[in-house]
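Each chain gets a letter, A, B and so on, in the order the sequences are listed, and its residues count up from 1.
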Amino acid sequence: MPELPEVETVCLGLRARVRGFTVDRVTARRPGLRFPFPADLAERIAGARITAVRRRAKYGIIVLADAPAVLFHLGMSGRIVLEPPPYPPPGPHDHLALELVSASGAQLRLTFRDPRRFGLVDLLPGGADAAHPRLRELGPEPLDITGPELRAVLRGRAAPIKAALLDQRVVAGVGNIYACEALFRARISPRRRAGTVGPRRAEALAAGLRSVLADAIRAGGSTLRDHAQIGGEAGWFQRELLVYGRAGEACIACARPIRQFRQGGRSTFHCPACQR
DNA sequence: ATTGGTTCCTGCTGGC
DNA sequence: TGCCAGCAGGAACCAA
């Protein structure tokens, strides 16, 4: 499940390998994913040179010179596969491919693969985040959020803090796994009303978010089912998860069992003794 | 306005 | 051992 660290890992891998390459050919094998691909996708980016790859929340952005940027979201099961020739035939879930060529003639094929098709590929005209409705509404990046910033976006909210962290308009890029982990690191109950997080807890939660996300990026993300780095390598942060997926196991702090319950249709993992 | 519930989709898992 | 129901979840959408 790609969250911020997984998308960051993918973007770092892409940046290192495709910057300077030119889009040679665009092949869509279906009309779209969650949303239709732009009708004129191929015409608008063909021939354009990749100048940068960046991330906003869980979105990746491939920046092109003199063309709209390519915006992508990996949804639940999406991954990006980058491979040199000879290109194997596309698999059943390889929905879109960009064939790239460098100035020296090197070739790479960039494939959007997404079995569950919760992902998205769109264009970002002008390259400015505000130009896209899905980016415009996003909250602050949690990777470098401060306690006061976090407290400000949580203020007045009656929803449980866990639900608030998953709301991309509150904080952008946190998903179910890292929400659980950050709350555990901060020793805050997932049931606590967001608005009751005061300065001390906000400081702890901001630190929990920053540290868990940075640690996960360092480990190449978490590979539970679907995530892979560019080139197919797994991420390893799932080994360092302290509560997510560990129902019944001993809490590392107090040795009492980690509990699981459903919150807004999502599984929440926590230690009822440590988290208040 | 905010919040909670439902839906999309396929692959994996667990219980029989 | 094999089958299949149920679960996994990001976020748009809808209803309250």
Side-chain angles (χ1 to χ4, degrees), chain A residues 1-11 29-37 55-61 71-81 90-96 111-122 129 132-139 141-142 152-183 190-197 213 216 221-228 232 234-235 237-238 241 243-248 260-269:
Chain A
M1 306 108 202
E3 301 183 26
L4 186 155
E6 290 72 34
V7 179
E8 179 71 12
T9 297
V10 166
C11 287
R29 302 187 63 244
R30 59 161 43 250
L33 296 169
R34 268 181 81 81
F35 304 98
F37 298 134
R55 179 193 59 75
R56 171 73 172 111
K58 299 176 198 171
Y59 292 87
I61 300 169
L71 177 74
F72 66 88
H73 192 295
L74 299 174
M76 264 289 296
S77 58
R79 62 169 69 180
I80 286 182
V81 180
H93 304 303
D94 293 346
H95 308 303
L96 182 71
T111 301
F112 293 87
R113 176 177 300 167
D114 186 5
R116 270 168 266 187
R117 305 209 295 272
F118 282 13
L120 165 159
V121 177
D122 202 358
D129 289 3
H132 200 283
R134 303 187 197 289
L135 300 184
R136 199 178 301 141
E137 307 277 316
L138 293 171
E141 286 284 325
V153 295
L154 296 176
R155 186 170 292 143
R157 292 194 169 262
I161 182 65
K162 163 79 184 315
L165 290 177
L166 293 181
D167 187 333
Q168 302 299 297
R169 294 164 301 185
V170 175
V171 163
V174 180
N176 202 38
I177 297 171
Y178 298 108
C180 291
E181 293 297 313
L183 285 168
R191 299 186 213 259
R192 172 173 285 279
R193 304 272 134 189
T196 71
V197 171
L213 295 171
S222 297
T223 298
L224 293 180
R225 287 185 178 79
D226 302 297
H227 166 67
F237 191 70
Q238 67 277 11
L241 298 176
V243 288
Y244 185 86
R246 309 188 79 92
Q260 174 181 8
F261 69 105
R262 295 192 79 73
Q263 222 174 3
R266 302 280 171 273
S267 276
T268 294
F269 297 88

A.B. asks: Could you state the CE-C1' distance from A:M76 to B:dC12, rounded to the nearest angstrom?
C.D. replies: 11 Å

A.B. asks: Closest approach of A:V153 and A:V170, non-hydrogen atoms and distance?
C.D. replies: CG2-O, 3.7 Å

A.B. asks: Check the distance between B:dG4's C1' and A:Q263's CD and give it to me in whole angstrom.
C.D. replies: 12 Å

A.B. asks: Taking the side chain as every heavy atom from C-beta outward, state whether A:Y59 and A:D129 have any atom pair closer than 4.5 Å.
C.D. replies: no

A.B. asks: Would one find a side-chain N or O of A:R117 under 4.0 angstrom from OP1 or OP2 of B:dT10?
C.D. replies: yes

A.B. asks: Only counting residues at least two apart or in another chain, list the ones meeting salt bridge (charged side-chain N to carboxylate O under 4.0 Å, His left out) with A:E181.
C.D. replies: none

A.B. asks: Let me check the geometry of the helix from B:dT2-C:dA16 to B:dC16-C:dG2. What is the bend angle between the axes at its two ends, five pairs each, to 10°?
C.D. replies: 50°

A.B. asks: If the cut-off is 4.0 Å, is A:S77 near the phosphate of C:dG9, judged by side-chain N/O to OP1 or OP2?
C.D. replies: no

A.B. asks: Would you check if the side chain of A:R262 reaches a backbone N or O of A:G264 as a donor-acceptor pair within less than 3.5 Å?
C.D. replies: no

A.B. asks: Polar-atom pairs under 3.5 Å, protein N or O versus N or O of nucleotides 11-16 of chain C: list them with distances, or write none.
C.D. replies:
unit_1 : atom_1 : unit_2 : atom_2 : d
C:dA11 : OP1    : A:H73  : NE2    : 2.3
C:dA11 : OP2    : A:K58  : NZ     : 3.0
C:dA11 : OP2    : A:Q168 : NE2    : 3.4
C:dA11 : N6     : A:R266 : NH2    : 2.6
C:dA12 : O4'    : A:R34  : NH2    : 3.0

A.B. asks: Check for a donor-acceptor pair, side chain of A:R30 on one end and backbone N or O of A:H93 on the other, with a separation under 3.5 Å.
C.D. replies: no

A.B. asks: I need the minimum non-hydrogen distance between A:L33 and A:H95, along with the two atoms involved.
C.D. replies: CD2-CD2, 3.3 Å

A.B. asks: In this structure, how many angstroms lie between the P atom of B:dG4 and the CZ atom of A:F261, rounded?
C.D. replies: 12 Å

A.B. asks: Using side chain to side chain contact (heavy atoms under 4.5 Å, CB included) as the criterion, point out the one residue from A:R246, A:K162, A:R266, A:Q260 that pairs with A:C180.
C.D. replies: A:K162

A.B. asks: Think A:H93 has a side-chain N or O under 4.0 angstrom from the OP1 or OP2 of B:dC9?
C.D. replies: no

A.B. asks: Identify each atom pair where a protein N or O and an N or O of nucleotides 1-3 of chain B are less than 3.5 Å apart, giving names and distance.
C.D. replies:
unit_1 : atom_1 : unit_2 : atom_2 : d
B:dT3  : OP1    : A:A158 : N      : 2.5
B:dT3  : OP1    : A:A159 : N      : 3.0
B:dT3  : OP2    : A:R157 : NH1    : 3.0

A.B. asks: What integer distance in Å separates A:R262:CZ from B:dT6:P?
C.D. replies: 11 Å

A.B. asks: Separation of A:F72 atom CZ from C:dG10 atom C1', in whole Å?
C.D. replies: 15 Å

A.B. asks: Main chain of A:D94, side chain of A:T111: is a donor-acceptor contact present, judged purely on distance under 3.5 Å?
C.D. replies: no

A.B. asks: Could you list the residues that satisfy salt bridge (charged side-chain N to carboxylate O under 4.0 Å, His left out) with A:R169, not counting sequence neighbours?
C.D. replies: A:D167

A.B. asks: Nearest whole angstrom, please: distance from the C1' of C:dG9 to the CG of A:L33.
C.D. replies: 16 Å

A.B. asks: Give a yes or no answer on whether the side chain of A:Q168 reaches the backbone of A:G139 with a donor-acceptor pair at less than 3.5 Å.
C.D. replies: no

A.B. asks: Nearest whole Å is fine: how far is C:dA8 P from A:L241 CG?
C.D. replies: 16 Å

A.B. asks: Round to the nearest Å and state the distance from A:F269 atom CZ to C:dG9 atom C1'.
C.D. replies: 12 Å

A.B. asks: Are A:Q260 and C:dC7 close enough that a side-chain N or O sits under 4.0 Å from OP1 or OP2?
C.D. replies: no

A.B. asks: Restricting to side chain to side chain donor-acceptor pair (under 3.5 Å), what partner residues turn up for A:K58, sequence neighbours left out?
C.D. replies: none

A.B. asks: So which atom in A:G175 and which in A:L166 form the shortest heavy-atom distance, rounded to 0.1 Å?
C.D. replies: C-CD2, 3.2 Å

